[in-house]
Amino acid sequence: MTGAGWPADLCAVVLAAGEGTRLRPLTERVPKALCPVGNVPLLDRALERVAGLGLRSPARVAVNACYLADQVVAHVGDRAHLSVEPGDPLGTAGGVANLRDWIDGRPVLVGNADAYLADPATAPGPDVAALLDGWDRDSVRLLGQPAADPDAPGTFAGHCFTGFSLLPWRLVRDLPVVFSDLVRAVWRPAEAAGALDVVPYPGTFYDTGTPADYLAANLHAAAGGALVDGSATVTGSCVESVVGAHARVDGDVRRSVIWPGATVRDGERLRNVIRFGDDGTVRV
């Protein structure tokens with residue numbers, strides 16, 4: 001896919017290094033980027049989105065990893081260039097800086113692996129294409145949605161950030177490889193200089209960082225029904241829920257997420273929870 005005014009040398013970085021502490025205990029053994037939403041790992045959703053923009057292969061797409069990095073590396077395989085950060089995660093700006101030699105003069109589309117985006121009218125990739133249309137290669141662009149309180153801290157031009165930003169090389173070039181975030185290192189300085197634009201996203205967005213938002217994203221993916229993997233076994237009741245691969249549901253499940261391989265026993269009634277393992281339960 002190409003569009004008018006798109007930079008031909010554009011590359012993409014998908015940020016997948018974070019631990020996801022607010023999602024514990026779900027993320028004690030699985031990195032946040034690999035948590036499934038609608039039975040698809042969040043990282044795969046992000047890679048599908050950039051692929052929908054024509055960005056594929058390790059020459060055009062990079063993924064960073066740190067927490068439980070071996071799982072991320074194995075999952076990505078040869079689909080993207082991999083940047084494994086030693087020690088603690090470098091943050092969103094530090095993670096991009098650590099990829100400076102790979103980015104090598106190109107403008108970069110940066111996406112958060114934990115951003116759930118869905119536009120029923122447009123496929124992944126084309127749904128964020130407005131971020132690229134007519135870009136001047138000099139300003140910073142953010143994908144956003146109008147905030148309930150336009151003046152709330154953390155907003156940009158009255159919008160909440162929805163997971164993707166577009167950065168010119170001139171700002172990436174000088175980022176230090178230290179723990180830092182894009183908000184303070186790039187976005188706010190660009191905003192102060194009048195060089196930051198917010199492009200509205202018309203679909204649904206959840207950052208999936210909390211159990212409540214993670215559950216909400218899954219229920220959105222289920223579209224009001226029961227989304228059950230073909231390898232799962234359901235002998236009980238399953239309403240408005242997501243059931244993962246090789247899970248077993250013998251009880252009564254409503255508005256819940258049953259992780260791959262998890263079990264809901266006969267007689268159990270789960271409401272608004274995430275079930276993992278044999279009896280692990282996160283209540284929302």
Side-chain angles (χ1 to χ4, degrees), residues 11-24 26-53 55-58 60-85 88-99 102-103 108-118 124-125 127-128 131 142-144 160-167 179 181-183 201 203-211 213-218 220-221 244 257 259-260 274:
C11 63
V13 170
V14 177
L15 300 172
E19 180 176 351
T21 55
R22 293 178 297 166
L23 282 178
R24 288 177 180 166
L26 297 175
T27 51
E28 288 180 352
R29 296 185 180 181
V30 177
K32 180 168 61 171
L34 297 187
C35 290
V37 170
N39 287 333
V40 179
L42 282 161
L43 179 54
D44 287 354
R45 290 181 176 273
L47 290 173
E48 179 188 12
R49 183 156 276 105
V50 298
L53 294 170
L55 302 174
R56 304 177 181 86
S57 85
R60 302 294 300 277
V61 182
V63 174
N64 75 333
C66 186
Y67 175 70
L68 298 178
D70 56 334
Q71 293 187 35
V72 175
V73 169
H75 189 81
V76 171
D78 61 0
R79 291 183 291 168
H81 175 81
L82 284 153
S83 171
V84 178
E85 300 169 7
D88 296 326
L90 287 167
T92 53
V96 171
N98 200 45
L99 279 158
W102 177 84
I103 296 170
V108 58
L109 176 68
V110 181
N112 293 345
D114 61 354
Y116 172 82
L117 300 166
D127 65 337
V128 300
L131 197 61
L142 302 182
L143 198 67
C160 295
F161 173 60
T162 58
F164 280 81
S165 63
L166 191 55
L167 310 180
F179 177 80
D181 62 75
L182 287 171
V183 175
Y201 180 70
T204 297
F205 163 74
Y206 292 102
D207 73 3
T208 73
T210 66
D213 282 341
Y214 176 74
L215 175 60
N218 271 278
H220 184 272
V257 180
W259 265 29
I274 302 112

For [X], check side-chain contact (heavy atoms from CB on, under 4.5 Å) against everything at least two apart and list the hits.
{"X": "Thr162", "result": "Leu117, Leu143, Gln145, Tyr201, Phe205"}
{"X": "Ala217", "result": "Val37, Tyr116, Tyr206, Thr208"}
{"X": "Ala97", "result": "Arg100, Leu175, Val177"}
{"X": "Pro36", "result": "Tyr214, Trp259, Pro260"}

**Report entry** Exam field: side chain Arg22 to backbone Thr210, donor-acceptor pair closer than 3.5 Å
**Finding:** no

Heavy-atom pair with the smallest gap, counting every atom of [X] and [Y]:
{"X": "Pro211", "Y": "Ile274", "value": "O-CD1, 4.0 Å"}
{"X": "Val30", "Y": "Cys35", "value": "CG1-N, 4.2 Å"}
{"X": "Gln71", "Y": "Arg29", "value": "NE2-O, 2.7 Å"}
{"X": "Asn39", "Y": "Gly244", "value": "OD1-CA, 3.2 Å"}
{"X": "Leu23", "Y": "Gly209", "value": "CG-O, 3.7 Å"}
{"X": "Gly77", "Y": "Leu82", "value": "O-CD1, 3.8 Å"}

Requested in this report: Flag the pair Thr92 / Val183 as yes when at least one side-chain heavy-atom distance between them is below 4.5 Å, and no otherwise.
Outcome: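 SC-SC contact between Thr92 and Val183 ruled out.
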
**Report entry** Any Leu99 side-chain heavy atom under 4.5 Å of His81 side chain
**Finding:** yes

Report task. Quickly, which of Val13, Leu167, Val14, Leu166 forms a side chain to side chain contact (heavy atoms under 4.5 Å, CB included) with Leu109? Name it, please. Result ->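 The passing option is Leu166.
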
Query raised in the report: Which of these passes side chain to side chain contact (heavy atoms under 4.5 Å, CB included) with Val76: Val72, Asp78, Val73?
Result: Val72

Taking side-chain hydrogen bond (donor to acceptor under 3.5 Å, both in side chains) as the definition, give me every residue that meets it alongside [X], ordered by chain and number, with sequence neighbours left out.
{"X": "Asp44", "result": "His75, Arg79"}
{"X": "Asn98", "result": "Ser83"}
{"X": "Asn218", "result": "none"}
{"X": "Arg45", "result": "none"}

Please report, to 0.1 Å, the donor-acceptor pairs under 3.5 Å made by any side chain of residues 60-69, with sequence neighbours excluded.
from	atom 1	to	atom 2	distance (Å)
Arg60	NE	Leu10	O	2.9
Arg60	NH2	Leu10	O	2.8
Asn64	OD1	Ala16	N	2.7
Asn64	ND2	Glu85	OE2	2.8
Tyr67	OH	Thr27	O	2.5
Tyr67	OH	Glu28	O	3.2

Query raised in the report: Hey, what do you get for CG (Leu53) to CZ (Arg56), rounding to the nearest 0.5 Å?
Result: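 Going from CG on Leu53 over to CZ on Arg56, the span is 9.0 Å.
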
Report task. Mind checking salt bridge (charged side-chain N to carboxylate O under 4.0 Å, His left out) for Asp88 and listing every partner two or more places apart, or none if nothing turns up? Result -> none

Report task. For Arg24, check salt bridge (charged side-chain N to carboxylate O under 4.0 Å, His left out) against everything at least two apart and list the hits. Result -> Glu19

Query raised in the report: Pick from Asp114, Thr21, Asn112: which one makes a side chain to side chain donor-acceptor pair (under 3.5 Å) with Lys32?
Result: Asp114

